[in-house]
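These figures come from a predicted structure and were not determined experimentally. Throughout, protein chains are lettered first and strands after them, A, B, ... in sequence-line order, and every chain is numbered starting at 1.
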There are 2 protein chains.
Amino acid sequence: MTREEISTAPTASPRTKAVKTSRYRANSTTTTCAAPIQIPYTPRDPRDGLAPYIISPSAHPPSIVLKETPTSVFIRDAFPKALVHALLLPRDPEKTMLHPFEAFKDEGFLAQVRADAEELKGLVARELRRKICGRGTVAGGGGVNWGAEVRVGVHAGPSMNHLHVHVISREGFSDRVKKRVHYSALLPHPDPNSFNTAFFVPLDELPLRGDDPRWEHHERARLLKMDYTCWRCGRGFKNSFVGIKQHIAEEFVEWKKALLEAEGGGDRGAASSQFDASSSSV
Amino acid sequence: MTREEISTAPTASPRTKAVKTSRYRANSTTTTCAAPIQIPYTPRDPRDGLAPYIISPSAHPPSIVLKETPTSVFIRDAFPKALVHALLLPRDPEKTMLHPFEAFKDEGFLAQVRADAEELKGLVARELRRKICGRGTVAGGGGVNWGAEVRVGVHAGPSMNHLHVHVISREGFSDRVKKRVHYSALLPHPDPNSFNTAFFVPLDELPLRGDDPRWEHHERARLLKMDYTCWRCGRGFKNSFVGIKQHIAEEFVEWKKALLEAEGGGDRGAASSQFDASSSSV
DNA sequence: GAATCATAAC
DNA sequence: GAATCATAAC
């Protein structure tokens with residue numbers, strides 16, 4: 001959120017752009033040796049925390065790096081903001097330091113990332129199904145389109161320096177959701193007057209139109225401060241973080257239940273928990 | 001935690017003490033009419049939030065006020081710091097504004113509160129069993145001493161003005177546990193060198209000896225800043241709130257499982273939740 | 001970005 | 001006491 005405003009002017013060639021952008025920091029340690037991938041990266045800077053996965057995916061355990069493709073690295077988000085939350089990291093060193101709105105002006109690049117994102121979306125959808133229905137084979141199951149429960153997109157104002165695409169289950173239930181921006185950045189803002197006005201920008205809505213207000217820092221800041229609304233029922237919670245958080249927990253239970261029933265299977269009552277029961281006698 | 005240090009000097013008679021103590025505030029609205037119970041109470045002061053339950057228990061729904069006895073009111077804690085968390089509010093107007101260490105110098109009063117606390121402990125233990133084992137009758141159940149999972153005591157430095165005793169399940173798992181003092185105030189500090197050095201003081205350890213360091217504000221402040229340790233396994237977490245919080249969540253699962261098994265019954269797999277599964281494939 | 005700590009205003 | 005907001009230091 002503290003990243004500087006990016007220019008909306010047409011960019012120079014990607015290679016020169018990477019060093020001209022405000023996102024290229026003076027103290028970055030661009031290596032000049034023949035390393036496989038050269039990207040700006042300051043090891044101690046937490047905003048550069050995604051770089052190691054791009055530079056050397058194989059240095060990380062498979063529990064974190066889910067897969068490498070020729071063009072992308074798939075990882076788990078270290079602080080998942082939903083039941084399943086993965087990131088797609090494009091490997092292209094010409095793109096990795098660009099703001100997503102800039103990077104995805106390149107329609108060829110966008111098409112490639114979309115293809116990779118489809119693959120990651122499949123993995124995330126499968127994991128989501130497993131978490132909700134359990135590992136067992138579901139006799140007569142398959143009634144749910146699990147991909148429809150997964151959102152794919154970028155933040156209008158990313159806080160991590162390297163280009164990444166979120167692939168995340170849409171319920172937003174996680175104990176890592178601790179403050180306003182965590183909801184604001186991931187949940188859509190139902191707004192009858194303006195369809196696209198959300199901080200989370202689906203990959204399908206890119207490239208962003210030149211006149212989209214989200215090019216402006218001011219509009220992005222505004223989106224992060226809007227009243228909370230529930231992604232599922234649209235109910236509003238004004239400025240109450242505790243209120244929306246409690247409600248999201250309740251919707252989580254209902255959402256799981258509905259999916260489990262719709263799937264037509266499930267094992268061992270995986271989604272039930274007595275702890276969630278609302279009534280009690282003491 | 002911001003309450004002033006209380007005097008350790010012998011108190012005057014209880015009736016005069018109530019107005020001499022530093023806890024009696026100048027703007028309190030002690031009623032002078034023939035109201036059933038007269039206690040200092042400023043309606044808008046959040047630290048006086050327990051007073052309404054003492055003054056008029058019947059004005060509150062049974063979901064909040066669990067029971068009245070001639071000497072106490074039992075309520076649910078509005079911000080439970082564990083699976084089950086109730087409060088015992090002594091009704092005696094001569095005691096309600098005293099610090100618990102002062103109030104429980106009176107051994108007759110202490111004996112009465114202990115008797116009431118035993119009753120509330122039974123209710124809490126029953127509710128705990130229900131939450132972990134479910135509502136159904138448990139064939140062959142009864143292997144667990146549920147009362148042993150419930151702690152009864154006071155805070156060395158209460159933040160609410162009216163005398164109250166916590167009756168709380170000991171696992172400390174709740175989404176209302178959000179900061180250091182929430183753990184520090186409720187979890188014991190396993191300390192091989194000093195048995196009683198905890199901010200939570202069991203009713204069984206009262207009256208406090210005159211030389212107990214917890215009479216001093218300095219010692220109470222120290223207890224709230226000690227490193228985190230797990231109530232169940234004793235593992236230490238230094239100053240990491242997130243670390244202890246995550247661990248407590250894991251111990252919660254194990255604790256439930258162990259109790260459910262020990263009870264020798266349980267229904268509908270009440271304590272299981274696929275969401276708690278540790279491994280995953282994406 | 002996470003996490004600890006401090007601070008109004010209730 | 002809860003809750004929102006702001007702020008270092010990583």
Side-chain angles (χ1 to χ4, degrees), chain A residues 1-3 23 25 27 41-53 75-81 85 87 89 154-164 166 174-186 199 221 224-225 227-228 237-246, chain B residues 1-3 23 25 27 41-53 75-81 85 87 89 154-164 166 174-186 199 221 224-225 227-228 237-246:
Chain A
M1 307 313 155
T2 61
R3 166 176 293 169
R23 301 175 67 182
R25 285 162 296 89
N27 63 345
Y41 163 45
T42 301
R44 302 283 306 274
D45 187 336
R47 290 171 183 256
D48 281 355
L50 299 178
Y53 304 111
I75 66 171
R76 283 182 208 274
D77 192 292
F79 301 91
K81 301 307 187 300
H85 187 179
L87 300 177
L89 310 176
V154 299
H155 287 171
S159 289
M160 298 299 272
N161 285 332
H162 297 79
L163 183 62
H164 56 283
H166 295 270
S174 164
D175 60 2
R176 309 320 276 262
V177 172
K178 295 176 179 178
K179 51 184 194 174
R180 167 177 279 287
V181 295
H182 297 152
Y183 274 125
S184 303
L186 288 173
F199 194 84
L224 289 176
K225 284 175 192 152
D227 282 356
Y228 299 109
F237 291 85
K238 300 271 178 60
N239 193 33
S240 170
F241 180 81
V242 170
I244 185 74
K245 180 110 174 113
Q246 171 62 28
Chain B
M1 308 314 155
T2 61
R3 167 174 295 170
R23 300 173 68 182
R25 286 160 297 89
N27 63 344
Y41 162 45
T42 301
R44 302 282 307 272
D45 187 335
R47 290 172 183 256
D48 282 353
L50 300 178
Y53 304 111
I75 66 170
R76 285 182 206 275
D77 192 292
F79 300 91
K81 300 306 188 301
H85 187 178
L87 300 177
L89 310 176
V154 300
H155 286 171
S159 289
M160 298 300 271
N161 285 332
H162 296 80
L163 184 62
H164 57 284
H166 295 269
S174 164
D175 60 2
R176 309 320 276 264
V177 172
K178 295 176 178 177
K179 52 184 194 174
R180 166 177 279 287
V181 296
H182 297 151
Y183 274 124
S184 303
L186 289 173
F199 194 84
L224 289 176
K225 284 176 192 151
D227 282 356
Y228 298 109
F237 291 86
K238 300 271 178 58
N239 194 32
S240 171
F241 179 82
V242 170
I244 186 71
K245 179 113 174 112
Q246 170 62 28

Quick check: does any side chain N or O of His164(A) sit under 3.5 Å from a backbone N or O of His162(A), one acting as donor and the other as acceptor?
-> yes
Secondary structure of DNA chain D in dot-bracket form (Watson-Crick or G-U wobble, distances below 3.5 Å, | marking inter-strand pairs) | |........|
Is the phosphate of dA3(C), meaning OP1 or OP2, less than 4.0 Å from a side-chain N or O of Lys238(B)?
-> no
In whole angstrom, what separates Arg180(B)'s CZ from dA3(C)'s C1'?
-> 13 Å
Spacing between Tyr183(B) atom OH and dT4(C) atom P, to the nearest angstrom | 12 Å
Which whole-number value in Å describes the distance from His166(A) NE2 to dG1(C) P?
-> 9 Å
Between His166(B) and Leu87(B), is any pair of side-chain heavy atoms under 4.5 Å apart?
-> yes
For DNA chain C, whose closest nucleotide is more 5', that of Ser240(B) or that of Lys179(B)?
-> Ser240(B)
Okay, side chain of Lys81(B), backbone of Phe79(B): is any donor-acceptor separation there less than 3.5 Å?
-> yes
For dA2(D), does OP1 or OP2 lie under 4.0 Å from any side-chain N or O of His182(B)?
-> yes
For the residue pair Tyr183(B) and Phe241(B), categorise the inter-ring angle as parallel (less than 30°), tilted (30 to 60°) or perpendicular (more than 60°).
-> tilted
Quick one: Phe241(A) CZ to dA2(D) C1', roughly how many Å, whole number?
-> 14 Å
Side chain of Arg180(A), backbone of Leu224(A): donor and acceptor closer than 3.5 Å?
-> yes
Using a cut-off of 4.0 Å on non-hydrogen atoms, how would the nucleic acid contact of Lys81(A) be classed: base, sugar-phosphate, or nothing?
-> sugar-phosphate
Mind calculating the distance between OH (Tyr228(B)) and C1' (dA3(C)) to the nearest angstrom?
-> 11 Å
dG1(C) phosphate, OP1 or OP2, under 4.0 Å from Arg44(A) side-chain N/O | no
So, is Arg176(B) close to the dA3(D) phosphate, meaning a side-chain N or O under 4.0 Å from OP1 or OP2?
-> yes
Indicate the atoms forming the closest heavy-atom contact of Pro80(A) with Ser174(A), along with that distance.
-> O-OG, 2.5 Å
When the distance from CG of Asp45(A) to C1' of dA9(D) is rounded to whole Å, what number comes out?
-> 12 Å
If only side-chain N and O atoms of Asn239(A) are considered, is one of them under 4.0 Å from the OP1 or OP2 phosphate oxygen of dC5(D)?
-> yes
